[in-house]
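Remarks on the structure that follows.
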Amino acid sequence: DVKVTQSSRYLVKRTGEKVFLECVQDMDHENMFWYRQDPGLGLRLIYFSYDVKMKEKGDIPEGYSVSREKKERFSLILESASTNQTSMYLCAILKAQARNTEAFFGQGTRLTVV
Amino acid sequence: GDSVTQMEGPVTLSEEAFLTINCTYTATGYPSLFWYVQYPGEGLQLLLKATKADDKGSNKGFEATYRKETTSFHLEKGSVQVSDSAVYFCALSEGSGGGADGLTFGKGTHLIIQP
């Protein structure tokens, strides 16, 4: 089974702090994604990456950046955390083969910015 | 662009009731369709999928049929259990396997099953 691991289940940070959310996969997949999940809004794509050192903006990239220095690790960075970034953050990898696409998610990181 | 619309929740049912969660989609191409489930405190996991018209995905007693003519992929279960309480997400992908095409998700339906 594919394993996607997020470094923290719960985080509490102060406004203005720089925050790193880490995601590690145990398979050799190229495509990795960061989503945030909010009540009533579902999952919204922040950034994704399809290879080492490559990154693409998703639907809501403002206030975030990412880093992909190694294939197995995809980091989400909040340069200066704000209270409106309090949310559940989900990392996923996408295993795509012809029409047989499947996403594997980490367990999520619930971030609270105070 | 692509979009997925699913019924708003929460949906509250009694144990052993019949479940339907509606999902319709808009896509420019010919997508694959998915249902994901999120149990409390966890990430999402794939429940079932269908990759072409009239395909039926099934798992754990849940079923959904890919209806191209009505652009729908409704989730059904004949007899729900308390353990089915979770948030259910309908999703589509137009990825052909070559690039980083992601999934487009609905907003999620919170299902609550009462004993």
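Only this structure's heavy atoms are used, side chains among them; waters, hydrogens and symmetry mates stay out. Letters go in sequence order (proteins before strands), and every chain restarts at 1.
A:I77 and A:V24 fall into different hydrophobic clusters, where Ile, Leu, Val, Met, Phe, Trp and Tyr residues are linked whenever their side-chain heavy atoms come under 4.5 Å apart, directly or through other members. Clustering ILVMFWY residues whenever any of their side-chain heavy atoms sit less than 4.5 angstrom apart, transitively, puts A:M27 in the very cluster that holds A:W34. Residue B:Y39 is grouped with residue B:I113 when hydrophobic side chains (ILVMFWY) are merged at heavy-atom distances under 4.5 angstrom, including chains of intermediate members. One hydrophobic cluster holds both A:F74 and A:I60 under the rule that ILVMFWY side chains link at heavy-atom gaps under 4.5 Å. In terms of hydrophobic clustering, with Ile, Leu, Val, Met, Phe, Trp and Tyr side chains grouped at heavy-atom distances under 4.5 Å, A:M54 and A:L45 are assigned to a common cluster.
More than 12 heavy atoms of other shown residues, nucleotides or ligands fall within 6.0 angstrom of atom NZ in B:K77. Counting non-hydrogen atoms of other residues, nucleotides and ligands closer than 6.0 Å to CD of B:Q45 gives a total above 12.
When the candidates A:G42, A:P39, A:G106 are compared by the number of heavy-atom contacts under 4.5 Å with chain B, A:G42 comes out ahead. Among A:R9, A:Q6, A:E30, the residue making the largest number of heavy-atom pairs under 4.5 Å with chain B is A:R9.
Considering all non-hydrogen atoms of both residues, B:Q38 and A:Q37 come closest at OE1-NE2, 2.7 Å.
With a threshold of 4.5 angstrom between heavy atoms, A:Y35 approaches chain B through side-chain atoms but not through N, CA, C or O. Interface remark: A:E56 contributes no atoms to any contact with chain B (heavy atom separation under 4.5 Å). Within the 4.5 angstrom heavy-atom criterion, only side-chain atoms of A:L90, from C-beta onward, approach chain B. Within the 4.5 angstrom heavy-atom criterion, no atom of A:R44 approaches chain B.
When atom types are taken as modelled, the side chain of A:R110 and the backbone of B:G41 share no donor-acceptor pair closer than 3.5 angstrom.
Between atom CG of residue B:L103 and atom CZ of residue A:F48 there is a gap of 12.0 Å, rounded to the nearest 0.5 Å.
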- Is there a side chain to side chain contact (heavy atoms under 4.5 Å, CB included) between A:L43 and B:L44 once you walk through the steps? CA-CA 10 Å; A:L43 273 72; B:L44 278 69; 4.1 Å; yes

